[in-house]
Amino acid sequence: MENPLRLKSLNHISILCRSLEESLDFYLNVLGFFPIRRPGSFDFEGAWLFNYGIGIHLLQSEDPDSMPKIGHINPKHNHISFQCESMATVEKKLKDMKIEYVKSRVEEGGIYVDQLFFHDPDGSMIEICNCDNLPVIPLAGDTTRSCSLVKCNFQQQAQQQQQQQIQQAVQMTQQQQVTCLASVHLEDYLPCA
C-alpha cells in the first residue's frame with residue numbers, strides 16, 4: 001500500500017468551542033482525556049488534551065453566538081469514534097450523566113457492532129462502539145485481520161507510541177519544574193506558570 005505523504009499517524013483533531021470550560025469538563029470527565037502542555041505563544045484561548053493515542057485541541061470561538069445550533073443526533077453526521085471495553089458500562093454512565101444518546105447496531109456476516117452516538121457541548125458528534133468486533137478486510141487482496149482476535153502489530157505500535165508520548169510529556173514537565181525551581185529566589189518569589 002502506498003503512503004505518498006509518508007504519514008505516520010493521526011496526531012490530533014481541533015474542535016471549536018462555545019465555552020472552553022464546558023468543553024474541557026466534557027473531554028476530561030466524560031471521555032477521559034487529560035490536559036497536556038500547550039505552546040504559550042498562542043494568542044487565543046484553548047486547551048490541548050491527550051489520551052488513546054490521539055490529541056484533542058479545543059479552541060475557544062471568537063464569536064460563540066454565531067456557531068451552529070446543536071441539532072438532533074444523527075449517526076450519519078461527521079463524528080469521531082472511540083472503541084470501548086463494555087457497551088453496557090458506557091450506556092449506564094451516559095444515563096447516569098444524563099447525556100442524551102442514540103443507539104445503533106450494525107450486522108455484517110453474523111458479526112454485530114453496537115454503537116452509541118451523542119454530542120459534546122458544542123454539537124460535535126461522538127461515537128462509542130465495539131467496532132473491533134468487525135474484522136479489517138483490505139479491499140485489495142484477501143488478508144483478513146481482526147484486532148480483537150489477533151494481536152495486530154499496528155495496535156501494539158500505537159500503544160507503544162502512546163506510552164512514549166506520555167513518558168516524553170512527563171519528562172518535559174519534570175525538566176520544566178526543575179528549571180523553574182532553580183530560577184526561584186526567595187526574596188523575589190514569583191510562582192512558575
Side-chain angles (χ1 to χ4, degrees), residues 9-36 47-58 67-139 143-167 169-170:
S9 65
L10 178 62
N11 180 270
H12 71 273
I13 62 168
S14 291
I15 300 174
L16 194 60
C17 308
R18 282 182 184 81
S19 165
L20 182 60
E21 292 77 25
E22 285 182 31
S23 294
L24 196 53
D25 180 66
F26 176 86
Y27 282 91
L28 295 175
N29 297 312
V30 176
L31 294 182
F33 281 81
F34 59 89
I36 61 172
W48 285 11
L49 310 172
F50 187 83
N51 207 350
Y52 319 112
I54 186 171
I56 302 279
H57 293 184
L58 300 176
M67 290 181 62
K69 301 280 187 255
I70 298 174
H72 68 284
I73 299 171
N74 182 347
K76 295 179 185 174
H77 285 174
N78 293 334
H79 60 273
I80 57 175
S81 179
F82 298 93
Q83 294 183 157
C84 70
E85 294 177 13
S86 167
M87 293 298 291
T89 300
V90 171
E91 187 170 9
K92 181 183 181 327
K93 294 283 188 184
L94 291 175
K95 283 181 183 176
D96 291 348
M97 292 184 275
K98 297 180 178 21
I99 295 175
E100 182 183 353
Y101 63 90
V102 169
K103 289 173 72 168
S104 181
R105 178 173 255 202
V106 176
E107 187 271 332
E108 176 68 26
I111 298 171
Y112 294 93
V113 173
D114 295 307
Q115 303 165 299
L116 295 170
F117 294 90
F118 52 98
H119 288 132
D120 76 359
D122 300 295
S124 295
M125 184 77 67
I126 308 292
E127 173 190 2
I128 308 291
C129 68
N130 57 0
C131 296
D132 57 343
N133 289 347
L134 199 60
V136 175
I137 303 173
L139 293 179
T143 305
T144 302
R145 286 196 229 173
S146 172
C147 289
S148 63
L149 303 175
V150 178
K151 285 188 175 182
C152 294
N153 287 338
F154 175 76
Q155 187 177 31
Q156 289 173 337
Q157 289 171 350
Q159 288 172 345
Q160 289 171 348
Q161 185 179 20
Q162 179 180 2
Q163 289 172 347
Q164 288 172 347
Q165 289 172 335
I166 291 170
Q167 287 172 347
V170 168

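Note that the numbering runs from 1 along the sequence shown for the chain.
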Name each donor-acceptor pair under 3.5 Å that joins a side chain in residues 67-76 to protein atoms two or more places apart or in another chain, with its distance.
from	atom 1	to	atom 2	distance (Å)
Asn74	OD1	Lys76	N	2.9
Asn74	ND2	His77	NE2	3.4

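- Summarising the geometry, atom CD1 belonging to Ile80 is positioned 6.5 Å from atom CD1 belonging to Ile54; distances are rounded to the nearest 0.5 Å.
- For the atom pair Glu107 CD and Leu134 CG, the distance stands at 10.0 Å (nearest 0.5 Å).
- Going from atom CD1 of Ile137 over to atom CG of Leu139 covers 9.0 Å, rounded to the nearest 0.5 Å.
- Between Trp48 and His12, the two ring planes are parallel [angle under 30°; tilted spans 30° to 60°].
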### Query
For His79 and Ile126, what are the C-alpha separation, side-chain angles and deciding distance, and is it a side-chain contact (heavy atoms from CB on, under 4.5 Å)?
CA-CA 5 Å; His79 60 273; Ile126 308 292; over 6 Å; no
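- Residue Asn78 places its CG atom among 12 or fewer non-hydrogen atoms of other residues, nucleotides or ligands, all under 6.0 Å distant.
- Note: Leu49 CG to Leu31 CG = 10.0 Å, rounded to the nearest 0.5 Å.
- A search for disulfide (SG to SG under 2.5 Å) contacts involving Cys129 returns Cys131, not counting sequence neighbours.
- Residue Cys17 holds its SG atom at 4.5 Å from CG of Leu58, rounded to the nearest 0.5 Å.
- Going from atom CG of Asp132 over to atom CD of Gln83 covers 4.0 Å, rounded to the nearest 0.5 Å.
- The heavy-atom pair separating Ile99 from Phe26 by the smallest distance is CD1-CE1, 4.3 Å.
- Contact between Ala47 and Leu24 at its shortest, heavy atoms only, is CB-CD1, 3.9 Å.
- Judged by distance alone, the side chains of Tyr101 and Glu91 do bring a donor and an acceptor atom under 3.5 Å apart.
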Using distance only, find each side-chain donor-acceptor pair of residues 110-121 under 3.5 Å and give its atom names and separation, not counting sequence neighbours.
from	atom 1	to	atom 2	distance (Å)
Asp114	OD1	Arg105	NE	2.7
Asp114	OD1	Arg105	NH2	3.3
Asp114	OD2	Arg105	NH2	3.4
Gln115	OE1	Ser104	OG	3.3
Gln115	NE2	Glu127	OE2	2.9
Asp120	OD1	Asp122	N	2.8
Asp120	OD1	Gly123	N	3.0
Asp120	OD1	Ser124	N	2.9
Asp120	OD2	Tyr27	OH	2.7

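- Heavy atoms from other residues, nucleotides or ligands lying under 6.0 Å from CD of Glu85 number 12 at most.
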